[in-house]
Amino acid sequence: MAADGITVNNVLPGATVTQRHTSLIEKKVEQTGQTTEQVEAAMLRGIPAGRFGQAQEVAAAVAFLASETAAYITGINVPVDGAVPAACSPVGPEPYAA
């Protein structure tokens with residue numbers, strides 16, 4: 001594919017503020033009786049950057065990889081996750097376990 005100018009890359013978003021993110025937090029609040037702040041704090045403990053990502057940050061990585069500037073980049077995974085080690089993902093088997 002690369003010989004034909006086709007690049008194949010992956011963007012791996014971490015905990016990013018989206019409607020899905022909000023619904024997962026709300027579900028965890030209902031399941032545990034914790035406050036939204038408690039659930040978010042538990043999630044943030046697993047994110048070295050100390051914050052949730054923004055959709056624009058994920059979109060910027062995608063836009064870059066789709067651009068002519070990145071034409072020589074292929075076959076990579078780009079984590080956009082606030083430096084979460086793969087083995088310590090806050091998602092794990094149960095999304096956003098507190």
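- Across all their heavy atoms, V84 and G46 have their closest contact at CG2-O, 3.5 Å.
- V29 and V17 fall within the same hydrophobic cluster, defined by Ile, Leu, Val, Met, Phe, Trp and Tyr side-chain heavy atoms under 4.5 Å apart, directly or through other members.
- Between the side chain of T16 and the backbone N or O of G14 there is at least one donor-acceptor pair closer than 3.5 Å.
- Expressed to the nearest 0.5 Å, how far CD1 of I47 lies from CD of E40 amounts to 10.0 Å.
- The heavy-atom pair separating F52 from M43 by the smallest distance is CE2-CE, 3.6 Å.
- There is no path of hydrophobic side-chain contacts, each under 4.5 Å, that joins L12 to V78.
- At least one donor-acceptor pair under 3.5 Å links the side chain of T74 to the backbone N or O of V8.
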Given Q34 and V39, is the side chain to side chain contact (heavy atoms under 4.5 Å, CB included) satisfied, shown in steps? CA-CA 6 Å; Q34 296 176 315; V39 171; 3.4 Å; yes
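- With sequence neighbours left out, the side-chain hydrogen bond (donor to acceptor under 3.5 Å, both in side chains) criterion links N10 to N77.
- The shortest non-hydrogen separation linking A83 to P48 is O-CG, 3.2 Å.
- Remark: side-chain polar atoms of D81 are not paired, donor with acceptor, to backbone N or O of P13 under 3.5 angstrom.
- To the nearest 0.5 Å, atoms CG (L24) and OG1 (T18) are separated by 7.5 Å.
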Using side chain to side chain contact (heavy atoms under 4.5 Å, CB included), reason through V11 and V58 one step at a time and then give a plain yes or no. CA-CA 8 Å; V11 174; V58 177; 4.0 Å; yes
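- The closest donor-acceptor contact from the side chain of E30 to the backbone of K27 lies at 3.5 Å or more, if one exists at all.
- Among all heavy-atom pairs drawn from A71 and T7, the shortest one is O-CG2, 3.5 Å.
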Side chain to side chain contact (heavy atoms under 4.5 Å, CB included) between Q38 and K28, worked out: CA-CA 10 Å; Q38 289 170 319; K28 195 66 170 178; over 6 Å; no
Please determine whether side chain to side chain contact (heavy atoms under 4.5 Å, CB included) holds for the pair L65 and I73, giving the CA-CA distance in whole Å, both sets of side-chain angles, and the decisive distance to 0.1 Å. CA-CA 8 Å; L65 289 172; I73 300 171; 4.1 Å; yes
